[in-house]
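Throughout, numbering of the chain's residues begins at 1 and tracks the sequence.
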Amino acid sequence: MTVAKVDTGLWATGLGLAPGQEHSWIQADQNYGQVRWFVAHPLALPGTERRLEVTHVGEWVSASGVRTINVVVRNVGSTTANYGIFVAQTV
């Protein structure tokens with residue numbers, strides 16, 4: 001078994017996600033076999049709790065062979081949140 005190299009970084013940013021709402025993020029041109037992990041980090045404000053979840057990560061391939069990934073972030077807290085989605089991926 002080969003140990004994979006992993007790259008990390010900011011993938012997307014979201015603004016004004018209200019409680020109970022979701023944002024959907026889509027990116028085309030994915031590589032077959034590439035492994036990706038996502039986490040949504042809410043921006044912190046003193047005295048305010050914010051909670052986000054990545055509720056769905058899916059990928060589809062078009063008839064022409066283009067691979068697209070879809071990441072859904074849901075605000076499961078009680079206050080509006082701004083956030084960053086960070087990714088770790090094999091390279």
Side-chain angles (χ1 to χ4, degrees):
M1 178 163 78
T2 303
V3 176
K5 293 181 182 177
V6 176
D7 188 20
T8 63
L10 179 65
W11 187 68
T13 57
L15 300 174
L17 183 57
Q21 298 296 307
E22 293 180 340
H23 284 168
S24 181
W25 297 90
I26 296 173
Q27 184 181 43
D29 297 324
Q30 303 303 296
N31 295 322
Y32 177 77
Q34 183 178 34
V35 179
R36 302 179 95 188
W37 302 268
F38 296 89
V39 63
H41 287 271
L43 297 179
L45 291 176
T48 304
E49 181 179 276
R50 293 197 160 76
R51 292 181 174 201
L52 300 175
E53 288 183 358
V54 174
T55 60
H56 174 81
V57 177
E59 184 173 297
W60 67 90
V61 60
S62 70
S64 63
V66 175
R67 294 184 174 279
T68 302
I69 197 163
N70 179 25
V71 177
V72 178
V73 175
R74 177 184 267 286
N75 184 339
V76 295
S78 60
T79 58
T80 298
N82 298 331
Y83 62 94
I85 301 174
F86 288 82
V87 63
Q89 61 191 7
T90 57
V91 289

**Message:** salt bridge (Lys or Arg N to Asp or Glu O under 4.0 Å), that's the test. Do Arg74 and Glu22 meet it? Break it down for me.
**Reply:** CA-CA 4 Å; Arg74 177 184 267 286; Glu22 293 180 340; 3.3 Å; yes

**Asked** How many angstroms lie between CD1 in Ile69 and CZ in Phe38, if you round to the nearest 0.5 Å?
**Response** 4.0 Å

**Item:** Gln34 versus Arg67, side-chain donor and acceptor atoms under 3.5 Å
**Value:** no

**Asked** At their closest point, which heavy atom of Ala40 faces which heavy atom of Pro42, and how far apart are they?
**Response** O-CD, 3.5 Å

**Request:** Evaluate the criterion side chain to side chain contact (heavy atoms under 4.5 Å, CB included) for residue pair Val91 and Val6; output intermediate values, then yes/no.
**Result:** CA-CA 6 Å; Val91 289; Val6 176; over 6 Å; no

**Message:** If we ignore hydrogens and angles and just use 3.5 Å, is the side chain of Thr90 paired with the main-chain N or O of Val35 as donor and acceptor?
**Reply:** yes

**Message:** Apply side chain to side chain contact (heavy atoms under 4.5 Å, CB included) to residues Val71 and Val54 and explain how you reach the verdict.
**Reply:** CA-CA 7 Å; Val71 177; Val54 174; 4.0 Å; yes

**Asked** Looking at OH of Tyr83 and NE2 of His23, how far apart are the two atoms once the value is rounded to the nearest 0.5 Å?
**Response** 4.5 Å

**Prompt:** Under a 4.5 Å side-chain heavy-atom rule over Ile, Leu, Val, Met, Phe, Trp and Tyr, are Val57 and Val39 clustered together?
**Reply:** no

**Message:** Could you measure the distance from the CG atom of Asn75 to the CG atom of Leu17? Nearest 0.5 Å is fine.
**Reply:** 4.5 Å

**Message:** Is the shortest side-chain heavy-atom distance between Ile26 and Thr68 below 4.5 Å?
**Reply:** yes

**Request:** Is it possible for you to say whether Ile85 and Val87 belong to one hydrophobic cluster, with membership spreading through side-chain heavy-atom contacts below 4.5 Å?
**Result:** yes

**Message:** Show, in sequence, the C-alpha distance, side-chain angles and deciding distance for His41 and Phe86, and conclude whether the side chain to side chain contact (heavy atoms under 4.5 Å, CB included) test is met.
**Reply:** CA-CA 7 Å; His41 287 271; Phe86 288 82; 3.2 Å; yes

**Where at least one partner belongs to residues 2-16, residue pairs that pass side-chain hydrogen bond (donor to acceptor under 3.5 Å, both in side chains), sequence neighbours excluded** = Trp11-Gln27

**Closest contact, heavy atoms only, Asn82 versus Gly16** = OD1-N, 2.7 Å

**Prompt:** Are any of the side-chain nitrogens in Glu53 or Arg51 under 4.0 Å away from the carboxylate oxygens of its partner?
**Reply:** no

**Item:** Distance (rounded to the nearest 0.5 Å) between Asn70 CG and Gln30 CD
**Value:** 11.0 Å

**Request:** Tell me, with the steps shown, if Thr48 and Arg50 meet side chain to side chain contact (heavy atoms under 4.5 Å, CB included).
**Result:** CA-CA 6 Å; Thr48 304; Arg50 293 197 160 76; 3.4 Å; yes

**Distance in Å, Thr80 OG1 paired with Leu15 CG, rounded so as to fall on 0.5 Å steps** = 11.5 Å

**Fill in**
Here the pair of heavy atoms bringing Gly14 nearest to Trp25 is CA-CZ2, 3.8 Å

